[in-house]
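Just so it is clear, the structure is predicted and the values come from calculations on it, not from any experiment.
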Amino acid sequence: MAMASMSFSLPNLNLRRVNRYSGMAFASVNKETSTTVGVRVTEGEGNLPKVVLTSPHGSEAEIYLFGGCITSWKVPSGKDLLFVRPDAVFNKKKPISGGVPHCFPQFGPGAIQQHGFARNLDWSVVDSDNADGNPVVTLLLKDGPYSRSMWDFGFQALYKVILNSKSISTELIITNTDNKPFSFNSALHTYFSASVTGASVKGLKGCKTLDKELDPANPVEGKEERDVVIFPGFVDRVYLDAPSELQLDNGLGSVITIKNTNWSDAVLWNPHLQMEACYKDFVCVENAQIGNVQLEPQQSWTAKQLLSID
């Protein structure tokens, strides 16, 4: 597939509102800590620290610092539009299975562990804010001995999450802090609550596809001819050069608009009988950067995602 070479200037970060816990990974939380209106750090499953964003409109989101993983996005109706698998563990022995896990610096299998290491490291809170009632938190991940043991580069990942009344947006900024270039790929492996028999995705017609159903190591190239893509069985398909907006009908009464900036590709996944206990209850629609991004020292790459309902 084509390799994408992208370069961006180092971002000018405004961290004036860094709270007193700046740079800490929160190994444990003994009591709930409020940082900004609508943003608090508290104890989650397995005693792991999580950030809770609360909007005055009634929406709420939860983000575990382990993996920087958004595990819940509840809209004012009370519906949680994300899904965490029943086999998910919260003990740091494996990534959290569900929500919006990070895949960085590798998507899928490859030279290092599956989907990279960002989803099984502690991120830290470096900023929190409240803009017109919309809570905002920024998380940070930097290289360390664990990451360098498999990927020997200096990097910084900033992940800003903004909760609105009917939307949740993310901005991921990857910066090369090393003195040598590196390349990576990435994805947001988003699990949506769904009825798999009723779920469908619009907006992918005409995309080049890489279908991994028969052999993940040797995907079959094709072209999407359908206006509406459904999940009739096992689905593991990459859509190259996907549009910046898709619509997911989750089959449960909600239509979610998935917009992105600079995520070049999309991935649809449902494990079907490989996860017999829960495959009927979710689908994955993922914004991804499948081709390698090349960053020179001090250059950055930025990608945004916006999930919203009407």
Side-chain angles (χ1 to χ4, degrees), residues 1-4 81-83 85 95 97-110 114-116 119 184-252 254-293 303 305-307:
M1 70 187 67
M3 306 293 271
L81 299 182
L82 299 181
F83 180 81
R85 285 165 27 191
S97 300
V100 189
H102 288 275
C103 301
F104 172 84
Q106 174 183 289
F107 176 72
Q114 175 87 358
H115 291 322
R119 62 185 188 148
F184 69 91
N185 44 55
S186 185
L188 296 177
H189 195 337
T190 309
Y191 289 70
F192 291 98
S193 291
S195 168
V196 73
T197 56
S200 62
V201 179
K202 293 181 180 179
L204 292 166
K205 185 175 183 179
C207 290
K208 180 180 178 181
T209 60
L210 300 175
D211 198 329
K212 301 181 180 181
E213 179 180 353
L214 298 178
D215 183 0
N218 295 287
V220 177
E221 293 188 12
K223 183 179 179 181
E224 183 56 73
E225 302 290 353
R226 294 170 291 180
D227 291 312
V228 179
V229 180
I230 58 174
F231 297 82
F234 177 78
V235 174
D236 188 358
R237 190 178 305 112
V238 174
Y239 290 83
L240 299 176
D241 297 321
S244 60
E245 182 175 327
L246 303 175
Q247 283 79 39
L248 166 66
D249 184 332
N250 67 7
L252 299 172
S254 297
V255 176
I256 302 162
T257 298
I258 304 168
K259 295 182 179 180
N260 85 82
T261 301
N262 214 33
W263 289 107
S264 61
D265 313 298
V267 180
L268 301 190
W269 182 68
N270 181 273
H272 198 50
L273 297 179
Q274 293 179 5
M275 293 182 189
E276 195 165 2
C278 64
Y279 80 91
K280 296 179 182 178
D281 300 322
F282 77 91
V283 297
C284 285
V285 183
E286 311 167 34
N287 279 318
Q289 174 64 50
I290 302 299
N292 281 353
V293 176
Q305 173 174 275
L306 174 66
L307 308 179

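- The environment of Asp211 atom CG is dense: over 12 non-hydrogen atoms of other residues, nucleotides or ligands sit within 6.0 angstrom.
- Between the Gln289 side chain and the Gly291 main chain, a donor and an acceptor come within less than 3.5 Å of each other.
- Ion pair Lys208/Glu221 flagged as a salt bridge, since at least one NZ, NE, NH1 or NH2 atom sits closer than 4.0 Å to an Asp/Glu carboxylate oxygen.
- Taking each heavy atom of Ala199 and Val283 in turn, the nearest pair found is CB-CG1, 4.0 Å.
- A distance of 7.5 Å separates CG of Leu246 from CG of Asn260, quoted to the nearest 0.5 Å.
- Between the CG atom of Leu240 and the SG atom of Cys207 there is a distance of 8.0 Å, given to the nearest 0.5 Å.
- A side chain to side chain contact (heavy atoms under 4.5 Å, CB included) with Phe192 is found for one member of Val100, Leu252, Val285 and no other, namely Val285.
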Report task. Mind running side chain to side chain contact (heavy atoms under 4.5 Å, CB included) on Leu268 and Val229 for me, showing each step along the way? Result -> CA-CA 9 Å; Leu268 301 190; Val229 180; 3.6 Å; yes
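- Of the possible donor and acceptor atoms, none in the side chain of Glu213 sits under 3.5 Å from a partner among the backbone N and O of Asp215.
- With sequence neighbours excluded, the residues forming a ring pair (Phe, Tyr, Trp, His ring centres under 6.0 Å) with Phe83 are Phe282, listed by chain and number.
- Atom CG of residue Asp281 and atom CE of residue Met275 lie 12.5 Å apart, to the nearest 0.5 angstrom.
- In this pair, Tyr191 and Trp269 present their aromatic rings perpendicular. The plane angle is above 60°, beyond the 30 to 60° band.
- Between the side chain of Ser186 and the backbone N or O of Cys103, at least one donor-acceptor pair lies under 3.5 Å.
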Requested in this report: List the steps, then state whether side chain to side chain contact (heavy atoms under 4.5 Å, CB included) holds for Arg119 with Gln114.
Outcome: CA-CA 10 Å; Arg119 62 185 188 148; Gln114 175 87 358; 4.0 Å; yes
Report task. Begin with the C-alpha distance, continue with both residues' side-chain angles, and end with the deciding distance and a verdict on side chain to side chain contact (heavy atoms under 4.5 Å, CB included) for Arg237 and Val267. Result -> CA-CA 6 Å; Arg237 190 178 305 112; Val267 180; over 6 Å; no
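- Asn270 contributes a side-chain N or O that, together with a main-chain N or O of Tyr279, makes up a donor-acceptor pair within less than 3.5 Å.
- Annotation: ring pair (Phe, Tyr, Trp, His ring centres under 6.0 Å) contacts of Phe231 (sequence neighbours excluded): none.
- Looking only at distances, no side-chain donor or acceptor of Asn287 sits under 3.5 Å from a matching main-chain atom of Ala266.
- The closest side-chain heavy-atom distance from Val238 to Pro219 is not below 4.5 Å.
- The side chain to side chain contact (heavy atoms under 4.5 Å, CB included) with Tyr239 is formed by just one residue from the set Thr209, Ile290, Leu210; it is Thr209.
- With rounding to the nearest 0.5 angstrom, the CZ atom of Arg226 is 14.0 Å from the NZ atom of Lys202.
- For the residue pair Pro271 and Phe234, the shortest heavy atom distance occurs at O-CD1, 3.5 Å.
- His115 places no side-chain N or O within 3.5 Å of a backbone atom of Phe107 that could act as its donor or acceptor partner.
- In terms of heavy-atom proximity, Ala187 sits nearest to Ala288 at CB-CB, 3.6 Å.
- Between Thr257 and Gln247 the shortest side-chain heavy-atom distance falls below 4.5 Å.
- Within the 3.5 Å criterion, the main-chain N or O of Lys212 finds no donor-acceptor partner in the side chain of Asp236.
- In this structure, CG on Leu204 lies 13.5 Å from NZ on Lys223, to the nearest 0.5 angstrom.
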Report task. Report the C-alpha distance between Leu82 and Thr190 in whole Å, list the side-chain angles of each, state the deciding distance to 0.1 Å, and finish with yes or no for side chain to side chain contact (heavy atoms under 4.5 Å, CB included). Result -> CA-CA 8 Å; Leu82 299 181; Thr190 309; 3.9 Å; yes
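- Note that the CD atom of Gln305 and the CG atom of Asn262 stand 13.0 Å from one another [nearest 0.5 Å].
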